[in-house]
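Working notes, beginning with the structure itself.
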Number of protein chains: 2
Amino acid sequence: MVDMSPRKSAVEARGTRDRIVARGMALASVDGLEGLTIGRLAADLGMSKAGVLGHFGTKQALQLAALRTASEVFTRTVWRPVEHLEPGLTRLRALFGTWADYLETERDSFPGGCLFTTASIEFDARGGPVRDFVARLFTAWRRRLAGEVRTAVAHGDLPADTDPEQVAFEVFGVFFALNQEIHLFGAADAVARTRRALDRVLAG
Amino acid sequence: MVDMSPRKSAVEARGTRDRIVARGMALASVDGLEGLTIGRLAADLGMSKAGVLGHFGTKQALQLAALRTASEVFTRTVWRPVEHLEPGLTRLRALFGTWADYLETERDSFPGGCLFTTASIEFDARGGPVRDFVARLFTAWRRRLAGEVRTAVAHGDLPADTDPEQVAFEVFGVFFALNQEIHLFGAADAVARTRRALDRVLAG
DNA sequence: CCTACCGATCGGTAGG
DNA sequence: CCTACCGATCGGTAGG
């Protein structure tokens with residue numbers, strides 16, 4: 001571990017780094033991970049550019065740090081609260097609820113909308129570590145969601161001929177639509193529409 | 001009409017403008033409408049920056065021109081081919097086909113994926129004319145799609161209690177998911193998944 | 001963690 | 001449609 005400053009302790013440096021990442025997530029949510037510039041981030045935080053960049057080395061490392069932390073927020077606010085629930089349809093529906101809440105209420109962390117959706121659109125036609133990381137996140141969550149569906153089928157909560165991957169594909173589509181509804185249209189009835197859409201996906 | 005060049009006729013200038021817009025659409029599809037820079041566009045076309053910008057005046061006008069032309073491509077390749085078909089479920093299903101084809105095969109025009117989806121994500125947390133134009137496009141297409149659903153209901157092709165706006169919301173979600181499937185994942189079975197998803201949306 | 005700096009590129013303009 | 005240029009900002013580095 002390299003001490004980044006002669007003036008701040010390791011604990012203080014860690015706190016500064018966390019503040020940078022948190023602000024970076026919010027800025028990237030609005031302007032994209034490329035639109036997230038070191039200069040604006042520094043000005044926002046009252047720091048020098050070198051002070052910001054010193055914690056990461058490169059812009060790409062900062063982008064990856066923002067995505068990694070955002071994925072921890074997602075895990076904490078969407079997956080974790082339903083982990084203790086009874087496996088099957090109960091947990092699946094609860095998951096849909098925390099997911100919709102995440103898109104609706106995480107305005108402080110992601111004022112410009114879901115950072116993963118933004119990053120997916122922004123990097124899907126490029127190569128490199130950021131694109132790979134985004135693809136891995138979506139793949140992992142798709143797989144996990146399909147697993148929840150499979151469990152619900154095994155419990156007899158959903159028809160035996162349900163295709164878990166197909167359901168997962170459709171559920172992601174619904175949440176993409178919800179994200180647009182909230183941020184492009186500012187629609188008030190977005191969550192009601194989403195709930196109906198998800199019910200239909202499950203009804204098969 | 002102001003002649004932009006002492007050396008090119010108005011017809012030639014128009015052709016140049018068209019080439020700029022076509023290349024701009026492709027670049028914006030990959031790097032976004034902000035990532036579309038005058039300098040790269042000029043270098044790509046073997047022109048000077050001033051030569052490019054002279055046709056539009058500002059970058060924002062170029063962005064709007066790219067979106068407007070892209071919307072004409074969309075109308076020509078998605079809506080127009082089904083206009084002559086029998087109104088109702090037949091036309092609706094044909095529309096889904098041209099739409100999926102547009103996402104799958106318009107790789108020359110939009111190598112980085114659907115420009116409207118990109119623009120929606122990129123501008124949804126901002127103000128200004130570009131955001132407004134994108135929102136108007138989506139609103140118009142949502143309304144038109146809902147109208148097709150309403151027609152299908154009126155023809156007895158879909159249940160009387162079908163909610164056309166709800167169906168339109170879900171259909172857009174499916175196409176967002178298809179766009180990701182193609183460009184982030186490069187998935188081969190994306191169209192089959194999409195067809196199944198759309199069937200389920202219509203089955204209600 | 002800062003100041004001071006680097007070359008490259010940004011959107012845009014003047015003038016022809 | 002071009003050359004030549006503007007101030008601002010980009011990511012990043014040197015050195016402390």
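Below, chain A is the first sequence line, B the second, and so on; all start at residue 1. These values consider heavy atoms only, across backbone and side chains, with no hydrogens, waters or symmetry-generated copies. These figures come from a predicted structure and were not determined experimentally.
Sorted by first and then second residue, the pairs that involve residues 189-204 of chain A and meet side chain to side chain donor-acceptor pair (under 3.5 Å), not counting sequence neighbours, are A:R93-A:D199, A:R193-B:Q166, A:R196-B:D163, A:R200-B:E170. The ring pair (Phe, Tyr, Trp, His ring centres under 6.0 Å) contacts involving residues 94-115 of chain B comprise B:F74-B:W99, B:F74-B:Y102, B:W99-B:F172, B:W99-B:F175, B:Y102-B:F110, where partners must be two or more places apart or lie in separate chains.
Across the protein-nucleic acid pair, A:R17 atom CZ and C:dC1 atom P stand 12 Å apart, rounded to whole Å. As rounded to whole Å, 9 Å separates atom P of D:dG11 from atom CG of A:L62. Between the CD atom of A:E12 and the P atom of C:dC1 there is a distance of 8 Å, given to the nearest Å.
With respect to the salt-bridge test (charged N to carboxylate O, under 4.0 angstrom), the residues A:R143 and A:E148 do not qualify. Salt bridge B:E12/B:R17: absent, no basic N to carboxylate O contact under 4.0 Å.
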What donor-acceptor contacts under 3.5 angstrom involve side-chain atoms of residues 75-87 of chain B, with partners at least two apart or in another chain?
{"unit_1": "B:T75", "atom_1": "OG1", "unit_2": "B:S71", "atom_2": "O", "d": "3.0"}
{"unit_1": "B:T77", "atom_1": "OG1", "unit_2": "B:V73", "atom_2": "O", "d": "2.9"}
{"unit_1": "B:H84", "atom_1": "ND1", "unit_2": "B:P81", "atom_2": "O", "d": "3.3"}

Can you list, pair by pair, the side-chain donor-acceptor contacts under 3.5 Å of residues 38-45 of chain B, counting residues two or more places apart and other chains?
{"unit_1": "B:R40", "atom_1": "NH1", "unit_2": "B:D31", "atom_2": "OD2", "d": "3.4"}
{"unit_1": "B:R40", "atom_1": "NH1", "unit_2": "B:G35", "atom_2": "O", "d": "3.1"}
{"unit_1": "B:R40", "atom_1": "NH2", "unit_2": "B:D31", "atom_2": "OD2", "d": "3.0"}
{"unit_1": "B:D44", "atom_1": "OD2", "unit_2": "B:R23", "atom_2": "NE", "d": "2.6"}
{"unit_1": "B:D44", "atom_1": "OD2", "unit_2": "B:R23", "atom_2": "NH2", "d": "2.7"}

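The B:K59 side chain lies nearest to C:dG12 when the options are C:dG12, D:dG12, D:dC10. The side chain of A:I38 lies closest to D:dG11, out of C:dC1, C:dG12, D:dG11.
Taking the six-membered ring where the residue is Trp, B:F176 and B:F138 present tilted rings, their angle falling between 30° and 60°. Between B:W141 and B:F116, the angle of the ring planes goes over 60°, which puts this pair in the perpendicular group of the 30/60° scheme.
Residue B:T16 has a polar side-chain atom (N or O) positioned under 4.0 Å from OP1 or OP2 of D:dC1.
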Here DNA chain D, pairs taken as Watson-Crick or G-U under 3.5 Å and shown with ( ), [ ] when crossing and | when to another strand, reads ||||||||||||||||

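Within residues 45-52 of chain A, the residues having any heavy atom under 4.0 Å from DNA chain D are, by residue number, A:K49, A:A50.
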